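I have placed the structure first, in the form of structure tokens, so that the comments after it can refer back to it.
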Amino acid sequence: MFKGELSLDPSEIRKDFPVLDQEVNGHPLAYLDNAATSQRPLSVVQAVEDYYDKYNANVHRGIHKLSEEASEVYEHARTKVAEFIGAPSDREVIYTRNSTESINLVAYSWGLDSLKPGDEVLVTEMEHHANLVPWQLMCRRTGATYRYVPIEDGGHLRMDLLDELLTEKTKLFAFTAVSNVLGTINPVKELVDAAHKVGALALVDAAQAAPHMPIDVKEWGCDFLAFSGHKMLGPTGIGFLYGKEDLLERMPPFLAGGDMIREVHIDSATWNDLPWKFEAGTPNIAGAIGMGAAVDYLQKIGMDRVHAQEHALIKYAMERLAEVPGIRMYGPPPEERGGLVAFTVDGIRPRDLAGILDTYGIAVRAGHHCAQPVHDHFGIPATVRASFYIYNVPEEADALVNALLEARKLSKSRDLK
Ligand code: C6P
């Protein structure tokens, strides 16, 4: 029985998420796959619908009423996002498709332009592929050296190796604020400061942090921050790159074409001001507008309360999960993690387990979660991951545990190995 305290009333919140009110395979849906993508509240869907129904037009192009209105709401959403992360200026927030594109923007613009043989890029063993592969590619192309901070078995970064790994050769330290497998909340400010001490830039992957905790880029001091709208109640296909203005000013464009230029002649072109210099072509207008509504929703609740709520849920879920015989949970204790937990159960393959959980209406993710090196570290190919958000309730953790106990019984009667 849940005896903790919830800072939010999920029954009120759930009214805004009709998708949650359904049965799957004859059981009430327990949506525990929020780290992959969250659900969207009615206000976000309405904002997108309003754009298409009432003022659909391209932005920054038309001199007509609809285009002006679309441009205004689109840019106002940027202001909301900038405020949400404490960015000093709207010019520092670039619309992208997702965290992956944000990181690739930095790799192909800053990395390709700045890295050279002898330079080093430092990542960590707990990164999502989106913050590994672009740097592997960029190091290959520029001759720079790719290095990583290992993790220890408890799911923390080997901070003891930081002094050794961060040197005057390091030009960029790219790391996640929260691991999408281990849940580990990294000491972002400490890592940013360590990078700056040796003259390196710091890129924070906030895909699993921005939806779940207060973020202030001024406080962290990071040079770049990447995150996705779809994990924080917003539409899919909209993401963000925060970058310090002086850096973005010096970086060459990433994609080229319409809207990112000031003037184009047949054999030359000059670039638009920030942030539009990095926004080539017609953007995801509806996505940005929906994101404005998502930020409003989260701000109204307050990110401190979001974080507290998830902490209470994950603490309870991990206590209950520990009752399942043969379970192994990966990563630190609840106090040091976000609202997700990845685990294995002896004798049942993660994919089979997720399939069984689905028959009980429980949606989880199984696999390597696009973070294969973390799994390599533990010598396993895959885990099952349950990830919570503001609308989840303790009873869903109970349902997960009950279904896991049933799965164990089933695995004994059927050979699931
Ligand atoms: N992780 C998960 O199930 P995109 O796909 O670009 O919106 O986000 C990429 C990304 C980057 N960093 C971290 C830490 C992430 O968790 C993700 C996305 C999802 O874990 C989908 S693979």
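Remember, it's 1-based here, ligands and their atoms both numbered in the order they're listed. This is a predicted model, so every value here is computed, not measured.
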(message) Walk me through whether H375 and Y330 qualify under ring pair (Phe, Tyr, Trp, His ring centres under 6.0 Å).
(response) CA-CA 10 Å; H375 291 80; Y330 298 84; 7.5 Å; no
(request) Mind running ring pair (Phe, Tyr, Trp, His ring centres under 6.0 Å) on Y95 and Y74 for me, showing each step along the way? (result) CA-CA 10 Å; Y95 285 130; Y74 172 83; 4.7 Å; yes
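Those atoms of ligand 1 with a heavy atom of Q208 less than 4.0 angstrom away are 1 (N), 14 (C), 15 (C), 16 (O), 20 (O). Atoms of ligand 1 lying under 4.0 Å from any heavy atom of T176, numbered from 1 in the order shown and given with element: 14 (C). For ligand 1 and R385, the ligand atoms under 4.0 Å from any heavy atom of the residue are 2 (C), 3 (O), 20 (O). Each of the atoms 2 (C), 3 (O), 19 (C), 20 (O) of ligand 1 lies under 4.0 Å from some heavy atom of A35.
Proximity annotation for atom 8 (O) of ligand 1: of A226, A177, S228, S228 comes nearest, heavy atoms only.
The line from CG of L248 to CZ of F278 is 5.5 Å long, rounded to the nearest 0.5 Å. Atom CG of residue L241 and atom CD1 of residue I103 lie 9.0 Å apart, to the nearest 0.5 angstrom. Rounded to the nearest 0.5 Å, atoms CG (L157) and CD (E190) are 10.0 Å apart. In this structure, NE2 on H60 lies 10.5 Å from OG1 on T282, to the nearest 0.5 angstrom. To the nearest 0.5 angstrom, N98 atom CG is 11.0 Å from F240 atom CZ. Rounded to the nearest 0.5 angstrom, F254 CZ and L112 CG are separated by 10.5 Å.
The nearest heavy-atom contact from the protein to atom 17 (C) of ligand 1 is H128 CD2, 3.2 Å. Residue, atom and distance of the protein heavy atom nearest to atom 6 (O) of ligand 1 are T100 OG1, 2.5 Å. The nearest heavy-atom contact from the protein to atom 11 (C) of ligand 1 is D205 OD2, 3.4 Å. Closest to atom 3 (O) of ligand 1, if we only count protein heavy atoms, is R365 NH1, 2.4 Å. Nearest protein heavy-atom neighbour of atom 1 (N) of ligand 1: K231 NZ, 3.0 Å.
In terms of polar-atom proximity, defined here as any N/O pair under 3.5 Å, E101 makes no such contact with ligand 1.
Note on ring orientation: taking the six-membered ring where Trp is involved, the planes of H212 and Y389 are perpendicular (angle over 60°, cut-offs 30° and 60°).
Contacts between R97 and ligand 1, counted as non-hydrogen atom pairs separated by less than 4.0 Å, are absent for every part of the residue. Under 4.0 Å from ligand 1, the heavy atoms of C370 that appear belong solely to its side chain.
Close to ligand 1: H230, with a non-hydrogen atom less than 4.0 angstrom away.
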